[in-house]
Amino acid sequence: MLAERVERVVAEWIAEKEWEGAPAFGLERPAEAAHGDYATNFCMQLARVARAAPRALAEELRTRLLADERLRPYLEAVEVAGPGFVNFRLNHTAFVESVEGLLAAGEDVGRVTRAHPLRINLEYVSVNPNGPLHVGHGRYAAYGNSLHRLLAFSGHQVTAEFYINDFGRQMEMFGRSVAARYAQSLGFDLAVPDEGYQGDYVHDVAASIRAEEGDRWLAALQANGLDDPESEVLLFFRREGYRHMLEQMKEELRRFRVEFDVWFSETVLHEEGRVQGAINDLLSRGVAYVQDDAIWLRTTDYGDDKDRVLIRSNERPTYFAADIAYHEDKLARGYDHLINIWGADHHGYVPRMRAAVGLLCGEPDRLEVIIGQLVNLLEDGEARQMSTRRGEMVTLSELIEAIGVDAARFFLVMRSHDQTLDLDIGLARKQSQENPVYYVQYAHARIASILRNLPEDLVPGVVSDPEVFATSYERDLIKTLDEFGSVVREAADRRAPHRIVGYAQELAACFHTFYKHCRVIGSEPRVASSRLALCLIAKRVVARCLDLLGVEAPESM
RNA sequence: GCGCCUGUAGCUCAGCCGGAUAGAGCAACGGACUUCUAAUCCGUGGGCCGGAGGUUCGAAUCCUCCCAGGCGCGCCA
């Protein structure tokens, strides 16, 4: 509220002086209490444009602010300090009105409304359905889902999408591996191929299929072996193996509180001839061409290092070709903006995909690719590699088993996504009791407990009384709660859900301090009511933060 | 060789579209429960922000180079 009003005065000042290229105005919370409730370094930034000394500008701004009818009712003091800071001290009325506003917002406190909301397609996880999700996938799931919630709460329309890589040699190999395990379980010794999938979970898939189908596929395997990928029996195992893995994956993600609106199959693109269709369009527009018996796309038109192959000389389409058909489909569905979350091991693929989107719609910036760094797994200090094929991995389920969904989600999203994450599963198990998620959840549970113990005549409310919000603990809490909306906006715009984690920890700390020093129940009635109002708002904001992170907000612990 | 990410307290990391004395958690140490939940609070110690230059009134933040680690650079997916 204060920021907006000050900004209006500043805008009028700039217009009056006809300064061109003035910096954006912003208020910050100073670390030092002596520097007031809020401060701005605006005049220092303005100095160059205004060709004047920062302190002189600050003095002028101070005079204007104090003379402004819209601001004066809320200001205790405005001071010029240091090299040109302007520090603001709020009066009692400002705190009271601030709390009234936060309280009136109800459950929507902090929600951002946009002048121009975007229809966003957010694609993430998108792994081959040929093995369980490992912890690295869990990180993208946690990050992507929190980003989904954050973008939606910050005023955008978001569709979450999972692109199923259910086509190609990896799926063939998976089908053969399942078939081999199926045969073995019926006493026929058929070896899993050298390049096949060795993990224990393949036995489980085979066992499920045996439970449904009995031994009716055994004879065909005995007769044909695993050599003909187009045989009816191998097509069957590929399809059924895929179906079981996908179901398992959906179930795991649901348990991890990650929901997708659209599950999009790569195979369907091929079967419906849309990959070929996309390529034909590109050929007819002259942005694809034939050379060395292959078909190439002019990705260099949009800055890629070299053109890329769409159809190999053996006439099979590349993964890239399918991806183009897929993105063409997404664009046709009318999204303003596409976001893909990819692992760092795919970052080399970004320029060609953006170039492809450029060639499809003329606007490469419609596609935003977020690169998430990897998770290094350790066990008792020793590196553990993750290979789906060899069955060596720490699965997401294992992590959830060890520390629970709440701690896992909080842990996986609390660091910036472009930071490589070290995870020691043994250490995580040991340290789960110290996970900061409990600190935040405890704040919520404590407020819930206050609400349970309330005397009947105590209702939340604020009145302008000198006794109300008289302590720094209450005022700090109000300022922190007041920031929530701008934290949401910034976290969403910067694709940074870990900022919500940081804010939630700060808010919890602020509340715990308040709790220690300011009693609600038993205080003088007007003080109790005003503190109860703070508790209600704090509870909503903590719950919202946890919800944005996909973590539960417990009523008791 | 080229490209992307990273280097901040003993450990794990925030801060990075420039601002006041660089923060948090964990670990260490010392205090606080007859009162709404001590999964809490209060306090102490701990730093060449990888290194060197540059830009500026001001640099952890921007630019250049160097060092170190991770990940890529297919007619693989």
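Chain naming here is simple, since letters A, B, ... match the order of the sequence lines and numbering starts at 1 in each. All of these numbers come straight from a predicted model, not from anything done at the bench.
- The separation of B:U12 from B:U6, taken at their C1' atoms, amounts to 15 Å, rounded to a whole angstrom.
- Distance CG (A:Leu412) to C1' (B:U12): 14 Å, rounded to an integer number of Å.
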Protein and nucleotides 58-62 of chain B: nitrogen or oxygen contacts under 3.5 angstrom:
none

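- Checking B:C36 for Watson-Crick or G-U wobble geometry (two distances, each under 3.5 Å) identifies no partner in any strand.
- Contact between the side-chain N/O atoms of A:Tyr503 and the OP1/OP2 oxygens of B:A24 is not found at any separation under 4.0 Å.
- When each of B:G19, B:U21, B:U6 is scored by its nearest atom to the side-chain atoms of A:Glu32, the top-ranked nucleotide is B:U21.
- Residue A:Asp293 contributes atom CG, which lies 14 Å from atom P of B:C75 at whole-angstrom precision.
- At the heavy-atom level, A:Thr513 lies under 4.0 Å from the strands shown only through sugar-phosphate atoms.
- Side-chain atoms of A:Tyr326 and A:Glu161 include a donor-acceptor pair closer than 3.5 Å.
- Remark: A:Arg316 is not in phosphate contact with B:C76, judged by side-chain N or O atoms under 4.0 Å from OP1 or OP2.
- Residue A:Cys518 is in base contact, counting any heavy-atom pair closer than 4.0 Å across all strands shown.
- Seen from the ring of A:Phe320, A:Arg308 does not count as a face-on cation partner, given the 6.0 Å and 45° thresholds.
- Here B:G72 is the nucleotide among B:C41, B:G72, B:C16 with the atom lying nearest to any side-chain atom of A:Asp345.
- Spacing between B:A27 and B:G70 at atom P, rounded to whole Å, works out to 30 Å.
- Heavy atoms of A:Phe85 sit under 4.0 angstrom from at least one base atom.
- Of the two residues near RNA chain B, A:Ile521 and A:Asn165, the one whose nearest nucleotide lies more 5' is A:Ile521.
- In this structure, A:His35 reaches the bases: a heavy-atom distance under 4.0 Å links it to at least one base atom across the strands shown.
- Across all strands shown, B:G72 forms a Watson-Crick or G-U wobble pair, both distances under 3.5 Å, with B:C2.
- When heavy atoms are screened at a 4.0 angstrom cut-off, A:Ser416 is found touching the sugar-phosphate backbone but no base atom.
- Nucleotides B:G45 and B:G23 are separated by 13 Å at their P atoms, to the nearest Å.
- Note on A:Phe320: nothing from the nucleic acid sits closer than 4.0 angstrom, heavy atoms only.
- The separation of B:C57 from B:G10, taken at their P atoms, amounts to 35 Å, rounded to a whole angstrom.
- A:Tyr289 and A:Asp307 share a side-chain donor-acceptor pair at under 3.5 Å.
- Remark: the separation of the C1' atoms in B:A32 and B:G69 is 44 Å, to the nearest Å.
- Note on A:Asn87: a base of the nucleic acid sits closer than 4.0 angstrom, heavy atoms only.
- Among B:C71, B:C41, B:A14, the nucleotide with an atom closest to any side-chain atom of A:His498 is B:A14.
- In this structure, the nucleotide among B:C71, B:C41, B:G74 sitting nearest to the side chain of A:Lys306 is B:G74.
- Comparing B:G15, B:C71, B:C75 by their nearest atom to the side chain of A:Arg312 picks out B:C75.
- Heavy atoms only, all atoms of each residue included: A:Leu359 and A:Arg298 are closest at CD1-O, 3.5 Å.
- Among the atoms of the strands shown, base atoms are found under 4.0 Å from some heavy atom of A:Asp292.
- Per the geometry, CG belonging to A:Leu374 stands 17 Å off P belonging to B:C4, to the nearest Å.
- Residue A:Asp422 has its side chain nearest to B:C13 when only B:C41, B:C13, B:G3 are considered.
- With hydrogens and angles ignored, no donor-acceptor pair under 3.5 angstrom links the side chain of A:Thr420 to the base of B:C5.
- For the atom pair CD of A:Glu123 and CG of A:Leu338, the computed distance is 9.0 Å after rounding to the nearest 0.5 Å.
- Using the Watson-Crick or G-U wobble rule with both distances under 3.5 Å, B:C41 pairs with B:G31.
- Its glycosidic angle being within 90° of 0, B:C33 falls on the syn side.
- For A:Asn128, the side-chain atoms get nearest to B:A77 when compared with the rest of B:A77, B:G18, B:U6.
- Under 4.0 angstrom from either OP1 or OP2 of B:G15 there lies no side-chain N or O belonging to A:Arg494.
- Pairing partner, B:G18: none, since no Watson-Crick or wobble contact has both distances short of 3.5 Å.
- Residue-level contact check: A:Ala445 touches the bases, meaning some heavy atom is under 4.0 Å from a base atom.
- A donor-acceptor pair shorter than 3.5 Å can be found between the side chains of A:Asp304 and A:Thr299.
- Aromatic ring centres of A:Phe514 and A:Phe511 lie closer together than 6.0 Å.
- Ring orientation note: the planes of A:Phe167 and A:His270 are close to parallel, at an angle under 30° on the 30°/60° scale.
- Among the heavy atoms of the strands, none lies under 4.0 Å from A:Asp305.
- Of the listed nucleotides (B:C36, B:C75, B:U12), B:C36 has the atom at the smallest distance from the side chain of A:Ile450.
- The base of B:U40 has none of its N or O atoms less than 3.5 Å from a complementary donor or acceptor on the side chain of A:Arg446.
- Note on A:Arg531: nothing from the nucleic acid sits closer than 4.0 angstrom, heavy atoms only.
- If you take CD of A:Gln45 and P of B:G19, they are 8 Å apart, rounded to a whole angstrom.
- Distances from the side chain of A:Glu434 to the nucleotides B:C26, B:C13, B:C5 place B:C26 closest.
- An aromatic stack links A:His346 and the base of B:A77, using centre distance under 5.5 Å and interplanar angle under 30°.
- To the nearest whole angstrom, the two P atoms, one in B:U64 and one in B:C2, are 14 Å apart.
- The partner of B:A52 is B:U64, by the rule that a Watson-Crick or G-U pair needs both atom distances under 3.5 Å.
- Each of B:U40, B:C36, B:U6 was ranked by its minimum atom distance to the side chain of A:Tyr439; first place goes to B:U40.
- Using a 30° and 60° split on the angle between ring planes, A:Phe25 and A:Phe42 fall in the perpendicular class, above 60°.
- Donor-acceptor pairing under 3.5 Å is lacking for the side chains of A:Thr318 and A:Arg312.
- Across all strands shown, A:Ala39 has heavy atoms under 4.0 Å from base atoms, whether or not it also approaches the sugar-phosphate.
- Counting to the nearest Å, the P atom of B:G31 and the NZ atom of A:Lys516 are 16 Å from each other.
- A distance of 12.5 Å separates CD of A:Glu490 from CZ of A:Arg495, quoted to the nearest 0.5 Å.
- Per the geometry, CG belonging to A:Leu57 stands 19 Å off P belonging to B:G19, to the nearest Å.
- Rounded to whole angstrom, the span from the CZ atom of A:Phe25 across to the P atom of B:C17 amounts to 19 Å.
- Rounded to an integer number of Å, the gap from A:His512 NE2 to B:A32 P is 21 Å.
- A 4.5 Å side-chain heavy-atom check between A:Thr480 and A:Tyr503 finds at least one atom pair inside the cut-off.
- Between A:Arg352 and B:G74 there is no side-chain polar atom (N or O) within less than 4.0 angstrom of OP1 or OP2.
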